Amino acid sequence: MNIENFISEVVCRSIEVLYGATNVPLQIQKTRKEFDGDYTLVVFPLLKLSRKSPEATAQEIGEYITANTPQVKAFNVIKGFLNLSLDSVFWGERFGEIVANENFGQAASTGRTVMIEYSSPNTNKPLHLGHVRNNLLGYSVAQILKANGNHVIKANLVNDRGIHICKSMLAWKLYGAGETPESSGLKGDHLVGKYYVEFDKHYKVQIKELMAQGQSEDEAKKNAPIILEAQAMLRKWEAKDPEIYALWQMMNGWVYAGFDVTYKALGVDFDKIYYESQTYLLGKSLVEIGLQKGVFYRRDDQSVWIDLTADGLDEKLLLRGDGTSVYMTQDLGTAFRRFEDNRLDDMIYVVGNEQNYHFQVLKLILKKLGYNWSDHITHLSYGMVELPEGKMKSREGTVVDADDLIADMISTAREMSEELGKLDDCTEEQAHAVSAMVGMGALKYFILKVDPKKTMLFDPRESIDFNGNTGPFIQYTHARICSILRKAQETGIDFSGAVVADYLPEEIELIKSLCDYPSVVAAAAESFSPSLVGAYTYELAKLFNGYYHDHSILREEDVAVRQMRLQLAQQVARIICSSMLLLGIEVPERM
RNA sequence: GGUUCCGUAGCUCAGUUGGAUAGAGCAACUGCCUUCUAAGCAGUAGGUCACGCGUUCGAACCGCGUCGGAAUCACCA
């Protein structure tokens with residue numbers, strides 16, 4: 001049963017009886033922990049109906065409810081707040097429901113299909129910390145939406161064509177001497193990235209030379225032979241020149257192999273991969289439609305534009321004078337095709353906040369074209385990741401490489417675990433598995449616990465901390481519970497058929513916390529924020545840990561109490577596990 | 001300059017739709033390992049929620065303004 005609905009029904013009925021009013025909007029919230037009670041009714045909005053003081057109104061409603069609802073055992077009034085306390089039997093029943101419900105926390109199907117696009121890498125360089133935030137966010141939000149009963153399609157739009165990849169290709173052709181991932185021992189994406197940097201080096205030298213010959217910086221940038229050659233390469237690619245095409249396929253293949261490794265390490269995956277090389281021509285037909293409808297207009301040079309100044313935005317180009325498309329054209333086309341092909345109810349783009357304007361324009365254009373599904377497009381915008389030294393800049397070599405970071409996290413977790421003697425009786429395989437879970441858990445939790453839209457600071461020293469509000473703390477709590485359950489099983493203590501009777505206060509708190517899980521998942525989906533899930537899980541783990549230190553479970557002599565505690569521990573572990581899975585974090589059974 | 005976003009403890013961050021005495025962690029300080037895992041627990045200290053005005057029973061949250069920071073406003077993607 002849904003506890004919040006139950007409470008609001010109870011309150012509704014009391015108001016109907018006392019004041020004869022129906023459909024009154026109610027303000028019911030969880031009681032803050034400094035006060036007695038479980039749910040709190042804010043009575044200020046009801047004073048017009050009762051025509052009494054806040055205290056008297058709350059008193060009156062409280063008396064009616066306790067007299068007529070067996071599940072509500074007590075109430076207290078503080079100023080305009082009516083705190084209701086539910087009976088321990090009531091909580092016992094809820095706990096029974098959790099134990100019995102294998103899919104607790106998994107909402108019934110909504111029948112909605114949601115596509116979420118994330119990652120969207122360029123194929124000219126390896127993934128870095130910014131991509132890590134993107135991937136973790138996208139994957140986690142997908143998990144959360146699934147838990148809320150949506151059919152979710154995880155999509156990746158790979159930016160596999162364009163001048164950037166031609167730069168790597170050209171540099172490899174000129175200076176690569178046939179180097180391959182095998183011959184160099186480099187991961188494919190890193191190898192291609194190396195030549196992207198190589199291109200830039202030569203490009204800069206040529207610019208300097210041209211400037212020394214008297215050209216302005218802008219001229220030099222346009223006239224440097226190497227950039228002209230790269231542009232020529234792009235034209236050849238578009239003409240499907242066999243040699244260039246083969247080179248392009250080979251180098252992209254290296255990159256994909258490299259990305260696969262990184263994605264796997266991050267624990268993210270996709271249901272559908274789109275390649276820009278196959279979609280970049282989309283959208284032109286929409287431009288035609290827009291022209292016919294008079295939404296767009298053509299300039300003398302044949303380029304197509306939309307005027308959004310009436311909406312407080314600028315004019316936006318949609319098709320170049322030579323008829324080729326731009327980013328916006330493609331995005332219009334892919335959005336259209338996705339909604340049509342998949343009968344999507346919602347489309348979510350996980351893209352950095354530097355593209356806020358782009359998506360604002362995208363939605364507005366689709367709307368003006370008459371596509372109402374435009375309202376179902378969400379740009380899940382996230383902030384930059386900054387380092388203690390300032391911003392990451394690829395040109396200045398201050399980027400944090402994703403693969404390096406992952407390796408670092410895992411090896412630090414390994415060292416830490418060894419230092420604490422946690423891996424003493426483990427096989428090498430187990431030791432690695434645990435280190436990977438803990439290292440990645442720390443990284444994922446550290447990134448996901450901050451509100452996506454905020455710029456976040458990534459301090460490597462802090463991210464690698466395993467104490468306090470961190471992924472490893474939650475994993476640790478889970479491992480301890482598993483340890484208790486293992487010991488119980490080994491010593492033959494039965495806890496399968498425990499009867500729920502009376503509870504200690506701490507245990508009621510734990511049950512209440514477990515009951516919150518579904519509404520946390522729902523709230524997280526509403527606001528696309530994994531951080532809510534993280535905060536909840538941390539609280540739950542902390543609550544259990546606090547309780548667990550003051551009470552013995554296995555040595556409790558009262559059999560019924562012991563069974564009950566074991567079952568409770570089991571359920572806490574279960575919720576921790578499913579909750580962490582929403583963040584894409586695996587939970588070890590020992591660590 | 002226009003648009004959007006951000007500003008909460010020394011540091012990193014929470015704070016569901018406006019609700020009660022604004023919360024964690026890190027760093028600092030005090031205690032606690034002979035018991036199911038001390039990656040832990042219990043505690044102390046730390047705040048003009050950037051600032052001002054307004055809306056109301058009530059504002060970190062809503063509105064207007066000011067200050068500070070970020071992103072963006074390309075025939076790049």
Side-chain angles (χ1 to χ4, degrees), chain A residues 27 29-32 34-35 40 42 44-45 47 54 78-81 83 120 122 159 161-164 276 280 301 303 305 309 311-322 324-328 330-331 352-358 360-361 381 383-384 386 388 391 413 416-417 419-422 438 442 446 449-451 453-459 461-463 465-470 472-477 479-488 491 519-520 522-524 526-527 529 531-532 534-535 538-539 542 545-550 552-555 566 569 590-591:
Chain A
Q27 284 193 49
Q29 56 201 247
K30 298 198 62 199
T31 302
R32 301 180 57 143
E34 352 25 308
F35 303 100
T40 297
V42 183
F44 292 110
L47 301 184
I78 299 171
K79 292 195 265 179
F81 300 92
N83 301 320
S120 310
N122 290 349
N159 185 6
R161 52 141 247 131
I163 193 72
H164 54 85
E276 211 185 281
Y280 78 107
D301 65 356
S303 58
W305 294 74
T309 48
D311 298 277
L313 303 171
D314 301 299
E315 288 178 292
K316 187 79 188 173
L317 175 83
L318 295 167
L319 211 55
R320 295 190 184 98
D322 61 7
T324 56
S325 56
V326 290
Y327 181 40
M328 185 58 77
Q330 296 170 44
D331 257 13
N353 63 10
E354 72 271 15
Q355 293 196 31
N356 286 353
Y357 181 74
H358 173 78
Q360 209 183 333
V361 172
S381 159
M384 305 280 110
E386 290 183 1
K391 284 185 189 172
M416 194 71 106
S417 303
E419 220 169 278
L420 291 167
K422 303 265 184 191
V438 173
F446 185 82
K449 78 176 173 185
V450 346
D451 178 358
K453 67 173 178 284
K454 285 186 177 171
T455 303
M456 69 172 287
L457 187 96
F458 186 86
D459 187 339
R461 285 183 312 245
E462 216 174 305
S463 69
D465 197 345
F466 300 151
N467 304 315
N469 186 1
T470 62
F473 170 81
I474 298 169
Q475 292 173 318
Y476 173 71
T477 307
R480 285 168 101 180
I481 295 174
C482 289
S483 173
I484 294 169
L485 298 177
R486 264 197 310 273
K487 287 260 158 55
T491 48
S519 53
V520 169
E526 190 97 1
S527 54
S529 68
S531 61
L532 284 179
Y538 175 62
E539 285 306 319
K542 216 166 92 153
N545 250 332
Y547 157 73
Y548 165 77
H549 268 262
D550 292 345
S552 93
I553 293 182
L554 293 177
R555 293 180 307 126
L566 283 169
R590 55 186 89 205
M591 66 183 270

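Chain A is the first sequence line, chain B the second, and so forth, proteins listed ahead of strands; every chain is numbered from 1. Since the structure is predicted, the reported quantities are computational estimates derived from the model, not experimental observations. Only this structure's heavy atoms are used, side chains among them; waters, hydrogens and symmetry mates stay out.
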Nucleotide N/O of nucleotides 5-14 of chain B paired with protein N/O under 3.5 Å:
residue: rG7(B); atom: OP1; partner: Lys454(A); partner atom: NZ; Å: 3.2
residue: rC13(B); atom: OP1; partner: Leu457(A); partner atom: N; Å: 2.6
residue: rA14(B); atom: OP1; partner: Asp451(A); partner atom: N; Å: 2.3
residue: rA14(B); atom: OP2; partner: Lys454(A); partner atom: NZ; Å: 2.8

Using atom names, set out every protein N or O paired with an N or O of nucleotides 30-32 of chain B below 3.5 Å, distance rounded to 0.1 Å.
none

Got a list of protein N/O to nucleotides 34-36 of chain B N/O distances below 3.5 Å?
residue: rU35(B); atom: O2; partner: Arg555(A); partner atom: NE; Å: 3.3
residue: rU35(B); atom: O2; partner: Arg555(A); partner atom: NH1; Å: 2.9
residue: rU35(B); atom: O2; partner: Arg555(A); partner atom: NH2; Å: 2.1
residue: rC36(B); atom: O3'; partner: Lys487(A); partner atom: NZ; Å: 3.3
residue: rC36(B); atom: O2; partner: Leu554(A); partner atom: N; Å: 3.4
residue: rC36(B); atom: N4; partner: Tyr548(A); partner atom: O; Å: 2.9
residue: rC36(B); atom: N4; partner: His551(A); partner atom: O; Å: 2.9

Identify all pairs in which a protein N or O lies below 3.5 Å from an N or O of nucleotides 54-61 of chain B, and state each distance.
none

Dump the pairs, protein N or O against N or O of nucleotides 75-77 of chain B, anything under 3.5 Å, distances to one decimal.
residue: rC75(B); atom: N4; partner: Asp301(A); partner atom: OD2; Å: 2.1
residue: rC76(B); atom: OP2; partner: Arg320(A); partner atom: NH2; Å: 3.1
residue: rA77(B); atom: OP1; partner: Arg320(A); partner atom: NH2; Å: 3.2
residue: rA77(B); atom: OP2; partner: Tyr327(A); partner atom: N; Å: 3.4
residue: rA77(B); atom: O3'; partner: Glu276(A); partner atom: OE1; Å: 3.1
residue: rA77(B); atom: O3'; partner: Glu276(A); partner atom: OE2; Å: 2.8
residue: rA77(B); atom: O2'; partner: Asn159(A); partner atom: ND2; Å: 2.5

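Listed by chain and number, the residues in a salt bridge (charged side-chain N to carboxylate O under 4.0 Å, His left out) with Lys453(A) are Asp451(A) (sequence neighbours excluded). Every side chain to side chain contact (heavy atoms under 4.5 Å, CB included) that Ser303(A) has, sequence neighbours left out, goes to Arg299(A), Asp301(A), Trp305(A), Leu317(A). Remark: His358(A) engages Tyr327(A) in a ring pair (Phe, Tyr, Trp, His ring centres under 6.0 Å) (not counting sequence neighbours). In this structure Asp459(A) satisfies the salt bridge (charged side-chain N to carboxylate O under 4.0 Å, His left out) test together with Arg461(A), sequence neighbours excluded. In terms of the salt bridge (charged side-chain N to carboxylate O under 4.0 Å, His left out) criterion, Lys79(A) has no residue partners (sequence neighbours excluded). By the side chain to side chain contact (heavy atoms under 4.5 Å, CB included) test, Thr40(A) is found to be paired with Gln29(A), Thr31(A), Phe81(A), Asn83(A), residues two or more places apart in sequence or in another chain being considered.
Using a 4.0 Å heavy-atom distance criterion, Phe473(A) is classed as a sugar-phosphate-only contact. Residue contacts for Asn83(A): at a heavy-atom cut-off of 4.0 Å it reaches a base atom on one of the strands shown. Among the heavy atoms of the strands lying under 4.0 Å from Lys422(A) is at least one base atom, whether or not backbone atoms are also near.
When the P atom of rC73(B) is taken as reference, atom CG of Asp311(A) falls 18 Å away, rounded to whole Å. Between the P atom of rA39(B) and the CD1 atom of Ile481(A) lies a distance of 16 Å, rounded to the nearest Å.
Nearest nucleotide to the side chain of Asp465(A), out of rA39(B), rC26(B), rC73(B): rC26(B).
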Reading RNA chain B 5' to 3', what string of ( ), [ ], | and . shows its pairs, if Watson-Crick and G-U wobble pairs count only when both distances fall under 3.5 Å?
-> (((((((..((((.....[...)))).(((((.......))))).....(((((..]....))))))))))))....
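Checked by atom type, the side-chain pair Asn545(A)/Tyr476(A) shows no donor-acceptor distance below 3.5 Å.
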